[in-house]
Each structure stands twice: as structure tokens, then as C-alpha cells.
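First up is the structure itself, then whatever we jot down about it.
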Amino acid sequence: MYNHQEIDAQWQNAWVSQKTFATPSAADPRPKMYILDMFPYPSGSGLHVGHLFGYMGSDVLARTARMQGKAVLHPMGWDAFGLPAENFAIKTGVHPALSTKQNAAAYRTQLQAAGLSYDWDREIDTSDPEYYKWTQWLFQLLYKRGLAYRKEGLVNWCPKCQTVLANEQVVGGQCERCQTVVIQRNLEQWYFKITDYAQRLIDDIETVDWPERIKAIQRNWIGRSEGAHIPFSVVNDTKVLTAFTTRPDTLFGVSYVVIAPEHQLLDTLAPESHKEAIATFRAQIAQETELERTQLVQEKRGVDTGIRVLHPITKQELPVWTADYVLATYGTGVVMGVPAHDERDAAFAEKYGLPSTVVLDGEPFAHAGAATLLASGDFTSKQNTKETMQAITKVAGGEWTITYRLRDWLVSRQRFWGAPIPMRSEVGTRNLELVPSEQLPVELPMDVDFLPTGQSPLAVADHWRLYEDGGTTYEREADTLDTFVCSSWYFLRFCNPHTHDQAFDPEAVKHWMPVDMYIGGAEHAAMHLLYARFITKVLFDEGLVPFKEPFQTLRNQGMILGPDHQKMSKSKGNVISAAETIAEYGADTFRTYELFMGPYDQEKPWSTTGIVGVRRFLEKVWALQEKAVAPVADETELHLINQAIAAVTTEIEATRFNTAIAKMMECVNALGKQFAITRDTYEKLLLILNPFAPHFTEELWHTVLGHADMCSLAEWPSVDERYLQSAAATYAVQINGKTRGTISMATDASETEVVAAAKEEQNVARYLTEGEVVKTIFVPGRVVSFVVK
RNA sequence: GCCAUGGUGGCGGAAUGGUAGACGCAGCGGUCUUAAAAACCGCAGCCUGUAAUGGGCGUGCGGGUUCGACUCCCGCCCGUGGCACCA
């Protein structure tokens with residue numbers, strides 16, 4: 001038995017004091033490798049085994065890369081702004097600045113206890129004025145480029161958090177953080193114009209190596225739709241209502257037009273006779289939450305607006321309705337009603353007795369698929385191809401166009417613990433201007449009552465909000481920035497975190513970026529990753545970075561479930577503490593077990609019994625030192641170790657850590673059956689095991705092998721190709737596809753020899769007498785297959 | 001509904017179209033021990049057979065391609081995640 005507690009502590013201390021994992025300078029000639037974890041929010045509760053799982057994988061990659069001669073940047077920091085610290089402060093009275101620092105220190109200790117090889121000299125904290133000064137700078141950059149703006153409109157409001165939320169932070173009609181049902185409010189807020197980048201965000205996703213499901217979520221979220229704007233001119237008015245449709249081939253089936261209840265033109269165009277009915281209808285739906293409107297109330301409701309428009313081709317007069325099933329925020333807020341070919345229109349038309357005309361053959365509500373146009377004027381009997389749709393659009397005086405589901409990113413928050421928005425206005429005016437750059441950072445005041453009231457705590461802190469500058473009194477913007485703004489550029493700061501006069505050092509960024517391997521949870525697919533890509537593109541356009549995508553390769557770690565196959569949570573009592581596991585089994589067993597459990601990107605349950613198997617494996621490696629006394633290696637030993645090196649190397653590269661560990665187990669089991677092995681083989685074994693079990697191998701490296709340097713920085717062993725192939729091969733011998741026997745042959749045996757031997761195999765011979773061999777298939781090293789009739 | 005992803009022993013899982021179940025857990029048998037634990041050695045998908053180098057079945061279901069399919073193709077079922085009155 002080896003003493004894991006002593007060994008863990010000893011090597012962790014050595015790595016920290018000797019700065020073993022310091023990042024090489026940008027002048028280092030070795031190829032660079034930037035391996036990044038999604039940095040955590042340092043919460044008050046301790047880390048469980050699932051939190052650390054993602055960091056295990058990136059750590060193995062970073063450690064392997066170092067040993068393979070790469071200059072590695074592997075940093076860690078804290079996404080420290082955000083609601084939990086503020087809520088904790090409200091409950092306990094401890095200032096967020098203080099609790100955040102304490103939590104970060106506790107996290108650092110725990111990450112070090114797991115043996116993670118971060119360069120702690122590069123630690124960053126987004127709530128540090130040194131950092132958020134540059135988050136504010138970034139805001140101002142977007143403002144100057146016309147990409148940050150204020151707008152009044154309906155926004156998502158979380159009644160519990162007492163703040164607005166971005167669309168991405170509303171999940172299933174609920175607040176992403178506290179699961180409270182989100183309501184709609186009409187407020188003036190700050191936005192980033194991410195919609196300007198919708199097409200580029202779709203296009204460039206093809207250039208990165210990310211899991212397909214993450215790419216799909218992003219494409220889905222951006223939601224590109226090709227279609228047409230079709231103008232419907234208003235009767236007795238010069239105005240035009242423009243509808244968006246993806247199906248101009250159904251234009252001749254339009255029997256009415258629907259305008260969203262919130263649409264601005266509705267008030268302007270509606271005749272006096274109908275205004276009261278419209279107002280009543282609006283009041284009715286305004287009372288309901290988005291959730292009720294979309295999920296609970298499936299029945300479509302609407303009223304006739306009294307407005308009449310002309311069909312752009314037939315010039316037939318059509319009624320305009322307003323209805324709750326049409327959204328103001330998508331397309332033009334106006335849709336054409338085609339009851340014969342749209343399920344929603346069908347339901348609505350049936351309820352209100354609106355006419356329906358069939359204009360396509362085949363399935364009425366087919367979303368895709370070829371159909372022939374019917375009763376469609378000059379277009380009758382044409383196929384509903386894109387060409388036909390574009391031709392109809394042209395005749396109707398419309399335009400072919402593209403619409404996105406993506407909305408602009410709402411970045412202002414009515415909370416305290418975030419970066420203040422660096423804008424001001426002269427008191428009594430609403431003339432917004434940038435806070436002069438030399439006055440950045442706009443620091444958060446420490447002496448503010450931050451109880452949430454629905455407006456920003458900073459708004460009532462007059463001693464902070466109002467200030468004199470050059471004889472003029474200004475009032476500051478009192479909202480803070482969404483914490484996702486802070487995390488949308490931190491990977492740039494890591495390249496040179498101590499640069500003082502700029503957000504990031506362009507030379508360092510040019511050297512280290514883009515991130516070669518980014519590891520984190522899939523829950524950020526539509527938020528952080530989208531925002532970070534957007535900000536990177538803005539910085540590219542500004543000429544500040546020479547790349548368009550920040551994360552070249554992305555991998556998601558799967559979730560670790562409790563032993564009961566349920567998501568770990570305090571209330572279920574199935575949380576496995578990382579600290580306790582490390583204390584009991586040691587950091588090396590913990591690390592190796594987590595990565596052995598299964599595929600890295602899949603979720604899998606923790607097994608309290610399974611971990612002992614990994615501990616046994618490490619004990620076997622420990623015990624193997626007794627056998628490392630052979631003067632020369634035999635063929636078997638050479639095959640075993642070289643096959644292990646080759647397999648482990650490729651498996652790590654492919655982030656298949658579980659099979660890498662299985663290969664080492666096989667190798668160790670087989671080496672244990674040898675009478676003795678060489679020190680050379682033992683040394684190579686320790687080297688390939690080091691990324692997984694760094695403390696343990698470091699100890700053996702020094703005490704048994706007598707090295708003075710660090711195993712963690714030693715050179716990765718190379719493979720001797722001569723020993724990759726075994727001397728003998730086992731052939732399966734098949735009759736009509738069924739294996740009827742096996743034969744062992746020399747690897748270099750010829751086809752003739754193998755086939756002859758196969759025919760002599762006892763059981764095979766029996767089957768061969770049953771008929772004629774009409775065909776023989778030979779797969780070198782694997783199979784001989786006879787087709788017998 | 002659309003998009004993505006998965007379905008293999010008692011359990012976690014492994015398998016460039018080539019002996020399905022590697023590796024590990026749990027289990028069973030043995031060695032050692034007064035005994036137990038630990039460690040070590042062995043067995044181990046299911047059914048069948050006195051036996052084996054035997055036979056049959058077997059990777060969610062139904063078809064297909066192939067000498068040969070967990071793997072490729074077609075059609076389904078179920079689980080998970082994302083989006084959704086998006087026109």
C-alpha cells in the first residue's frame with residue numbers, strides 16, 4: 001500500500017514552489033498549445049466530483065502536451081460576478097467582494113488538491129477592477145461601433161431576481177437561474193446588436209471542430225429562414241403591410257392577413273369603429289405570461305381590426321385580423337393566413353369562419369416536399385420549386401429575404417454585483433455619452449445597500465451616481481452588465497493577464513490564440529459560446545485580433561450522476577464530495593477513476609465500488625517496481641510496452657481516456673505475469689501513466705528510478721514500431737459466415753499456408769465435407785472464410 | 001412537429017465491415033489464514049449437451065446489402081438534450 005496523502009501533498013507543494021507548470025514565454029520556439037477550461041463561478045458550497053470531471057480531461061491533455069514538447073498555456077480563473085454572491089450577501093451581510101475572494105481561494109485549494117496543472121500566476125477574476133475596467137472598455141468599443149444601443153420594448157423580467165434577462169437566459173419560459181416564470185415588461189434597456197452577425201455566426205461554425213450537437217444548437221438558436229416579404233397595400237391608405245412567409249407558393253391561398261397585437265401600425269391603421277375591441281383584446285393577452293400564452297392557451301384568439309388590404313396579385317380585398325399566435329418580434333410581425341396549407345391558420349380560420357382555398361396538391365400541411373400549384377393564376381400546374389416561389393414573389397412586388405430567430409443580446413441588469421455600464425449623462429438630460437476612457441474603471445461602490453427593489457441598487461446610491469467632472473454634474477448609468485459580457489473575452493486576457501494599459505496584449509493573443517482545446521459543459525451551447533464568438537468577430541472587425549473564431553476545438557465533458565443515476569443535488573442526498581474522495585483514495589485514484597468511468601462526453605453514474613478497481617490498478621503498478629530488475633527485455637515485454645505506448649498516445653489525442661486507461665491495465669496485468677521486467681519498461685509505463693496519476697508516478701520516478709528532474713516535464717516515450725505487431729496471429733475460420741474454429745499462425749504466414757491450415761482445423765474439416773468450397777475469403781491477420789455449397 | 005444524440009451481460013462500458021462483451025465493478029470457485037479481511041490464481045452473455053476445439057440464440061424492433069453487420073442502407077419503437085403558434 002502506498003501512502004497517497006503524503007505523496008499527494010509532497011508533489012503538489014513541489015509543483016507550486018518550483019512553478020513546474022509556468023507558461024513558456026511567447027518566444028519559446030516549441031509549438032504552442034492553449035488548453036482552456038470554461039472558468040467556474042466560485043460558489044460557496046464545495047466542489048463535488050462532477051465539477052472536477054471536466055478539468056481532469058483538460059489536465060490530462062495539458063500534461064501530455066507538455067511531455068510531447070508543446071509550449072502549453074493552461075490557465076484558470078474565476079467568473080466572479082453574478083447573482084449568487086449578491087444573494088449570499090443579502091442573506092448574510094457579507095459583501096460580495098469578500099465572499100467571492102474567499103470562495104475563489106477555497107476553489108484554488110481544491111483544484112490544487114486534485115493535482116491540476118494550472119499556471120496559477122495567470123489567475124484572473126472578472127470582479128477585479130483591473131479586469132472589469134476592460135469589460136467596460138469593450139462595452140464602449142461596441143458603443144462606438146454602433147453595436148450597443150438603448151431601446152424600449154418588451155423584455156423578459158424575472159420577478160424573483162428582480163432583473164431583466166436575455167432571451168438566451170429564459171429556458172422554457174423560466175429564469176435560467178431560479179426557474180421562476182418570466183414575465184414581459186415594457187422597459188428601456190441596453191442591447192448588443194448580435195443580430196448583425198447572425199449570418200457570420202452561422203457560416204463560420206463550419207470552420208471549427210466542435211461536437212455536432214453544439215453546432216446544431218447554435219444554428220437552431222440563430223434560426224435562419226429563407227422566404228419572402230410580400231406587400232399587402234392597405235385599402236384607403238398609402239401604407240403597406242408587409243408579411244414574411246417561407247411559402248410564397250401558397251400566396252393564392254391567402255384568405256386573410258394577421259398582424260401581431262403589439263405591432264406599431266395597428267394603432268395607426270385601425271378604424272375608430274374597431275379600436276375598442278382591439279384594446280380589449282390587447283388588455284386580455286397582456287395579462288398573461290409568455291408561458292401561458294404559448295403553452296397553456298393553445299387555442300388561437302383574435303379580433304377583426306377593421307383594416308382591409310388587397311391581395312398583391314388578385315387584388316381581392318382581404319380582412320386584417322390581429323391574433324395572439326403572431327409574434328411581433330419575428331419576421332415583420334405580419335403573416336398571411338393560408339388555412340388550406342398551414343395548421344395554425346386552419347385552426348384560426350375554422351374558429352372565426354374565414355374562407356379556405358386549396359392551392360397545392362398532396363398533403364395539405366406538408367412543410368417540405370414537392371407539390372403542384374392549383375388555382376394559382378399564371379402559376380397553376382407549376383411545381384412549387386424555389387424558382388416558382390421567387391417568381392411569385394416578384395410578380396407580387398415582394399422581395400426574397402432572410403429572417404433570423406436570433407434577437408439582440410440584452411446586456412443591462414438591475415443588479416449590484418456586476419460591471420457598471422460605463423455611460424453617463426448630464427444631470428437632468430438624457431444625453432447619453434461615454435464615461436471618458438481615462439476615468440475607467442467605473443468602480444463599484446463598496447457602501448451600497450444592494451437589496452433588490454426592481455431597479456438597480458446603484459440607481460439610489462446618489463453619492464456614487466452623481467459626480468462632478470469639469471464643472472458639470474453627471475449622473476452615471478446605474479445598471480450593470482450581464483456577467484456573460486465578462487466571460488465573452490476572458491480567454492484573451494489569459495494570454496497576458498498582467499498587462500495594465502490594455503484589455504489584452506495583441507502580440508500575446510496573436511501567439512496563443514485561438515484556443516486549441518476548449519472544454520466545458522454543453523449547457524453553454526446557446527449562451528456563452530455564442531456571445532464569445534460574437535465578441536471575437538467584433539474584435540476582428542476592429543482589427544484587434546487576427547482570427548474570427550476563438551475556440552478551434554471544443555469538447556464537452558459529460559455530467560457525473562449520483563450512484564442512483566440521478567443528477568447530484570443536496571436535496572437528493574446523492575452528492576459525492578471531491579475532497580472526501582481525494583482524502584480516502586488519493587488524487588491519483590480519483591483522477592484516473594473519473595476518466596475510466598466511460599466516454600468523456602457522456603453522462604455516467606458514480607460508483608462507490610468501481611473506484612476501488614482503479615486503486616487496485618495503481619497498487620499493481622506500485623508493486624511492479626519489485627520486478628523492475630531484469631537486465632534485458634524479452635520480446636513479450638517489448639511488445640507489451642510498445643503497444644501500450646502507441647495505444648495510450650492515440651487514445652489521449654482522441655479524448656478517449658477510458659480506453660487509454662484500459663490499455664494500461666491490460667499492459668500492467670500482462671507485465672505482472674512476467675518473471676521480471678526492465679527498468680526501461682517500468683520508466684515508460686510511469687511516463688504514459690503520469691498525466692492520469694501524476695503524484696504517484698512522480699514519486700516512483702524519483703525514489704525508484706532516481707531521477708532528479710520532474711516526471712511531469714519528462715519526454716513522452718516514443719514507440720518502437722518493430723514491436724507493434726505480435727509474432728503470432730489468431731485467425732477466425734468461418735464457414736458461410738459462422739466462426740467454426742480458430743487457428744494460430746505466424747504473422748508472416750502466406751495466404752496459401754493459412755488457408756491450408758484452416759482447412760485442417762478439426763471442426764472446420766467436418767463442415768467442409770458437407771459441400772463444395774465455392775469461394776475463399778482471406779483477410780490477413782484476421783479471418784479465413786469459406787463459402788460452402 | 002423540427003434538429004441533435006443515444007439504446008450492447010447483473011452494473012459502468014469495449015469493439016478500422018472480420019472470433020461481440022476488451023478493461024473494470026459486483027458475483028462464483030480455489031490458494032493462503034484458527035477464522036475473516038486483504039492479496040493472489042481461476043470461472044463467468046443466455047439456452048442446450050455426459051463431454052468438446054460441440055450446437056442454437058444473442059448488440060431496441062422489422063426488413064435489406066454482404067462470404068460475414070453492434071458497425072452500412074431503408075422503415076419503425078423508446079430514452080435524453082435543444083428549439084417551437086418562428087409563419
Side-chain angles (χ1 to χ4, degrees), chain A residues 1 171-172 211-221 223-225 227 243-247 250 258 293-295 297-300 323-327 329-338 341-345 347-348 365 367-368 403-405 522-523 525-526 563 565 593 596-599 601-614 616-617 619-620 623 656 658-669 672-673 730-743 761-764 766 773-788:
Chain A
M1 286 284 280
V171 179
E212 181 51 38
R213 79 194 138 123
I214 303 294
K215 291 186 178 186
I217 288 171
Q218 293 228 341
R219 283 189 212 105
N220 213 319
W221 187 263
R224 181 185 199 272
S225 271
F244 173 71
T245 180
T246 56
R247 298 297 301 275
T250 64
V258 191
R293 209 172 135 184
T294 56
Q295 292 187 358
V297 188
Q298 282 296 330
E299 195 177 341
K300 292 150 188 48
D324 56 358
Y325 77 99
V326 173
L327 308 174
T329 44
Y330 182 76
T332 59
V334 176
V335 305
M336 50 192 224
V338 187
H341 301 291
D342 183 284
E343 285 178 81
R344 295 154 303 182
D345 296 344
F348 189 75
F365 302 138
H367 284 286
T403 287
Y404 301 92
R405 204 192 72 98
E523 69 275 14
H565 288 62
Y593 174 61
F596 178 63
M597 287 167 70
D601 59 353
Q602 275 174 34
E603 61 175 34
K604 44 214 165 275
W606 182 268
S607 161
T608 40
T609 51
I611 190 170
V612 304
V614 170
R616 280 181 201 144
F617 161 63
E619 295 285 0
K620 281 184 202 169
R656 286 192 294 258
N658 54 330
T659 49
I661 295 162
K663 289 285 190 270
M664 287 189 279
M665 286 174 167
E666 277 183 71
C667 175
V668 168
N669 288 343
K673 292 193 170 68
T730 306
Y731 281 86
V733 185
Q734 300 180 339
I735 308 288
N736 294 336
K738 289 207 183 277
T739 302
R740 298 299 182 183
T742 58
I743 54 171
E761 205 278 341
Q762 244 182 46
N763 198 42
V764 171
R766 240 178 56 206
V773 174
V774 295
K775 195 173 174 187
T776 303
I777 294 115
F778 174 76
V779 183
R782 294 197 180 268
V783 161
V784 179
S785 182
F786 297 112
V787 183
V788 176

Grab the two heavy atoms, one from A/Asn669 and one from A/Lys620, that are nearest each other, plus how far apart they are.
OD1-NZ, 3.1 Å

Which one, B/rG24, B/rA4, B/rA87, comes nearest to the side chain of A/Thr246?
B/rA87

Value in whole Å for how far the P atom of B/rG21 lies from CD of A/Glu666:
13 Å

Heavy atoms under 4.0 Å, any strand shown: does A/Ala662 hit a base, just sugar-phosphate, or nothing?
base

Where do A/Pro599 and A/Asn658 come nearest, in terms of heavy atoms and distance?
N-ND2, 3.5 Å

Comparing nearest nucleotides in RNA chain B, the 5'-proximal residue of the pair A/Ile217, A/Tyr404 is A/Ile217

At under 4.0 Å between heavy atoms, what does A/Pro211 touch on the DNA or RNA strands: base, sugar-phosphate, or nothing?
nothing

Kindly point out which of B/rA87, B/rG54, B/rA14 is positioned nearest to the side chain of A/Val335?
B/rA87

Touch class at under 4.0 angstrom, heavy-atom based, for A/Lys738 against every strand present
sugar-phosphate

Spell out, as yes or no, whether a donor-acceptor pair under 3.5 Å connects the side chain of A/Tyr593 to the backbone of A/Gly613.
no

Strictly below 4.0 Å: does A/Lys604 bring a side-chain N or O up to OP1 or OP2 of B/rG12?
no

Strictly under 3.5 Å: I want the nitrogen or oxygen pairs between protein and nucleotides 17-20 of chain B, one per line.
unit_1: B/rG18; atom_1: N2; unit_2: A/Gln734; atom_2: OE1; d: 2.7

Between B/rA87, B/rA14, B/rG54, spot the one nearest the side chain of A/Val326, thanks.
B/rA87

From CA spacing to verdict: side chain to side chain contact (heavy atoms under 4.5 Å, CB included), A/Phe596, A/Met665:
CA-CA 11 Å; A/Phe596 178 63; A/Met665 286 174 167; 3.8 Å; yes

Could you tell me whether A/Asp345 contacts a base, only the sugar-phosphate backbone, or nothing, with contacts defined as non-hydrogen atoms closer than 4.0 Å?
nothing

Check the distance between B/rA84's P and A/Arg224's CZ and give it to me in whole angstrom.
19 Å

Protein-nucleotide distance (A/Ile735, atom CD1; B/rU66, atom P), rounded to Å
20 Å

Between B/rA84 and B/rU71, how far apart are the C1' atoms? Round to whole Å, please.
34 Å

Pick the P atom in B/rG68 and in B/rG75, then give their distance to the nearest Å.
23 Å

From CE of A/Met597 across to C1' of B/rC23 the rounded distance in Å is 15 Å

Rounded to whole Å, CG of A/Asn736 lies from C1' of B/rU66 at a distance of 13 Å

Between A/Glu761 and A/Asn763, which heavy-atom pair has the shortest distance, and what is it?
OE1-N, 3.0 Å

Nearest-neighbour nucleotide for the A/His565 side chain, B/rG54, B/rG12, B/rC25 considered:
B/rG12

Quantified in whole Å, what is the P atom distance between nucleotide B/rG60 and nucleotide B/rG56?
22 Å

Counting only side-chain nitrogens and oxygens, does A/Arg740 get under 4.0 Å of the OP1 or OP2 atom of B/rG56?
yes

Watson-Crick or G-U pairs under 3.5 Å in RNA chain B, rendered as dot-bracket with [ ] for crossing pairs and | for another strand:
(((((((..(((.....[....))).(((((.......))))).((((.....))))..(((((..]....))))))))))))....

Hey, does A/Asn220 reach any base, or is it just sugar-phosphate, or nothing, if we go heavy atoms under 4.0 Å?
base

Once you round it to whole Å, what is the distance between C1' of B/rG42 and CG of A/Asn669?
14 Å

For the residue pair A/Tyr325 and A/Phe348, does the interplanar ring angle fall in the parallel (under 30°), tilted (30 to 60°) or perpendicular (over 60°) class?
tilted

Could you go through A/Met336 and A/Asp345, starting from their C-alpha distance and side-chain angles, then the distance that decides it, and tell me whether this counts as side chain to side chain contact (heavy atoms under 4.5 Å, CB included)?
CA-CA 9 Å; A/Met336 50 192 224; A/Asp345 296 344; over 6 Å; no

Please give the distance between the P atoms of B/rU65 and B/rC73 as a whole number of Å.
15 Å

Please evaluate the base of B/rC85 for a donor-acceptor partner in the side chain of A/Lys300 within a cut-off of under 3.5 Å?
yes

Does A/Gln734 form a side chain to side chain contact (heavy atoms under 4.5 Å, CB included) with A/Ile777? I'd like the steps, not just the answer.
CA-CA 9 Å; A/Gln734 300 180 339; A/Ile777 294 115; over 6 Å; no

Please classify the glycosidic conformation of B/rG49 as syn (within 90° of 0) or anti (everything else).
anti

When the P atoms of B/rG30 and B/rG21 are compared, how many Å lie between them, rounded to an integer?
27 Å

Which is true for A/Gln762 with a 4.0 Å heavy-atom rule: it touches a base, it touches only sugar-phosphate, or it touches nothing?
base

Considering only side-chain heavy atoms of A/Arg616, which listed nucleotide, B/rG54, B/rA26, B/rA22, is closest?
B/rA26

Taking atom CD of A/Gln762 as the centre, report whether more than 12 heavy atoms of other residues, nucleotides or ligands fall under 6.0 Å from it.
no

Which heavy atom of A/Val326 sits nearest to which heavy atom of A/Gly333, and what is that distance?
CG1-O, 3.6 Å

Nearest-Å distance once atom C1' is located in both B/rC32 and B/rU48
38 Å

Using the P atom in both, what is the distance from B/rU19 to B/rG29, to the nearest Å?
33 Å

From CG of A/Asn658 over to P of B/rG13, roughly how many Å is that when rounded to an integer?
9 Å

Treating A/Tyr404 as the side-chain partner and A/Ser225 as the backbone partner, does any N or O pair qualify as donor plus acceptor under 3.5 Å?
no

Is A/Tyr593 close enough to B/rG24 that one of its side-chain N or O atoms is under 4.0 Å from OP1 or OP2 there?
no

Can you tell me, in whole Å, how much space there is between the P of B/rU53 and that of B/rG64?
35 Å

Quick check: on RNA chain B, is the nucleotide nearest A/Arg405 upstream (toward 5') of the one nearest A/Thr609, or the reverse? Name the residue that is more 5'.
A/Thr609

Step-by-step side chain to side chain contact (heavy atoms under 4.5 Å, CB included) determination, A/Val787 to A/Val773:
CA-CA 6 Å; A/Val787 183; A/Val773 174; over 6 Å; no

May I have the distance from A/Glu619 (atom CD) to B/rA39 (atom C1'), rounded to whole angstrom?
11 Å

